[in-house]
Amino acid sequence: MTDALHSPLPQKAVVTITEADLIGGLTSLRWRLRGLVMDGASLVVIDVSDLAELSSTVLAALLDTHRVCRQRGGGVVIRHASRKMSDVLRRTGLDRVFDVEAA
C-alpha cells in the first residue's frame, strides 16, 4: 500500500475593486492584496466590473500578486473585464498572464 500525495486545493479570495478604492492611491489596494496572499491565498479573483479602465499601476499591483500566487500553484483571475479592458490586456500580452473573464 502506498500513500498518495494530495496537494490542498488552492485557497481562493475574491476582491472587488471600485473607483473609490483607487481615490487615495494604490497603497490600500496593494496592502489588501498583500494581506490576502500572506493569509495563504493562492488564487485571487479580481472583480473589475466597477472600474472604467485598468491603469498601469493597478496592473502592476495585480502582477505582483500574480507572481506570488503562481509560486503557490495559483494565479490571478480578472473577472467582468469590459471589452476595452480585454482589448488592452490582449494588446499588451497580459491576457496570457492573467485568466480573463469578460463581462
Side-chain angles (χ1 to χ4, degrees):
M1 183 161 98
T2 60
D3 292 331
L5 295 177
H6 297 285
S7 62
L9 294 174
Q11 184 175 347
K12 179 178 174 181
V14 179
V15 177
T16 299
I17 302 174
T18 65
E19 295 291 341
D21 294 328
L22 307 178
I23 289 174
L26 287 177
T27 303
S28 63
L29 176 62
R30 284 185 183 273
W31 279 109
R32 190 169 152 198
L33 294 173
R34 179 165 290 163
L36 292 171
V37 171
M38 295 299 287
D39 287 342
S42 60
L43 178 63
V44 179
V45 178
I46 307 292
D47 184 335
V48 295
S49 58
D50 292 336
L51 292 181
E53 64 183 11
L54 291 172
S55 68
S56 60
T57 51
V58 169
L59 288 171
L62 298 181
L63 283 167
D64 286 343
T65 303
H66 180 75
R67 180 182 47 80
V68 176
C69 289
R70 287 299 295 167
Q71 292 172 349
R72 297 179 181 172
V76 170
V77 176
I78 298 176
R79 180 173 285 168
H80 300 134
S82 68
R83 182 180 189 115
K84 180 179 176 182
M85 287 180 202
S86 296
D87 287 345
V88 168
L89 292 169
R90 189 178 61 253
R91 281 184 299 189
T92 59
L94 291 173
D95 63 331
R96 293 186 303 260
V97 175
F98 301 116
D99 288 328
V100 180
E101 298 175 358

All heavy atoms of Gly75 vs all of Cys69, minimum pair found to be N-CB, 3.6 Å
side-chain hydrogen bond (donor to acceptor under 3.5 Å, both in side chains) pairs touching residues 43-52, sequence neighbours excluded, are Asp47-Ser49, Asp47-His80
The side chain to side chain donor-acceptor pair (under 3.5 Å) partners of Thr92 (sequence neighbours excluded) come to none
Here the gap from His66 atom NE2 to Leu43 atom CG, rounded to the nearest 0.5 Å, amounts to 10.5 Å
Using a 4.5 Å side-chain heavy-atom cut-off and chaining through intermediate ILVMFWY residues, the residues clustered with Val68 come out as Val37
Name each donor-acceptor pair under 3.5 Å that joins a side chain in residues 14-21 to protein atoms two or more places apart or in another chain, with its distance.
unit_1, atom_1, unit_2, atom_2, d
Thr18, OG1, Ala20, N, 3.4
Thr18, OG1, Asp21, N, 3.4
Thr18, OG1, Asp21, OD2, 3.3
Glu19, OE2, Ala52, N, 2.9
Asp21, OD2, Thr18, N, 2.8

On a heavy-atom basis, the closest approach of Gln11 and Asp39 is OE1-O, 3.5 Å
Those residues at least two apart in sequence (or on a different chain) that pass salt bridge (charged side-chain N to carboxylate O under 4.0 Å, His left out) with Arg90 are Asp87
Residue set satisfying side chain to side chain donor-acceptor pair (under 3.5 Å) with Arg70, at least two apart, ordered chain then number -> none
Can you list, pair by pair, the side-chain donor-acceptor contacts under 3.5 Å of residues 93-103, counting residues two or more places apart and other chains?
unit_1, atom_1, unit_2, atom_2, d
Glu101, OE1, Arg79, NE, 2.9

On a heavy-atom basis, the closest approach of Arg72 and Ser42 is CB-CB, 3.7 Å
The remaining residues in the hydrophobic cluster of Val88, counting side-chain heavy-atom contacts under 4.5 Å among Ile, Leu, Val, Met, Phe, Trp and Tyr, are none
Nearest heavy-atom contact between Leu51 and Met85 is O-CE, 3.0 Å
Cluster link Val45 to Leu36, ILVMFWY, side chain under 4.5 Å = no
Identify each donor-acceptor pair in which a side-chain atom of residues 53-64 lies under 3.5 Å from a protein atom, sequence neighbours left out, and give them as a table.
unit_1, atom_1, unit_2, atom_2, d
Ser55, OG, Thr57, OG1, 3.0
Ser55, OG, Val58, N, 3.2
Asp64, OD2, Arg30, NH1, 2.8

Applied to residues 34-63, the ring-ring contact (aromatic ring centres under 6.0 Å, His included) test, sequence neighbours excluded, yields none
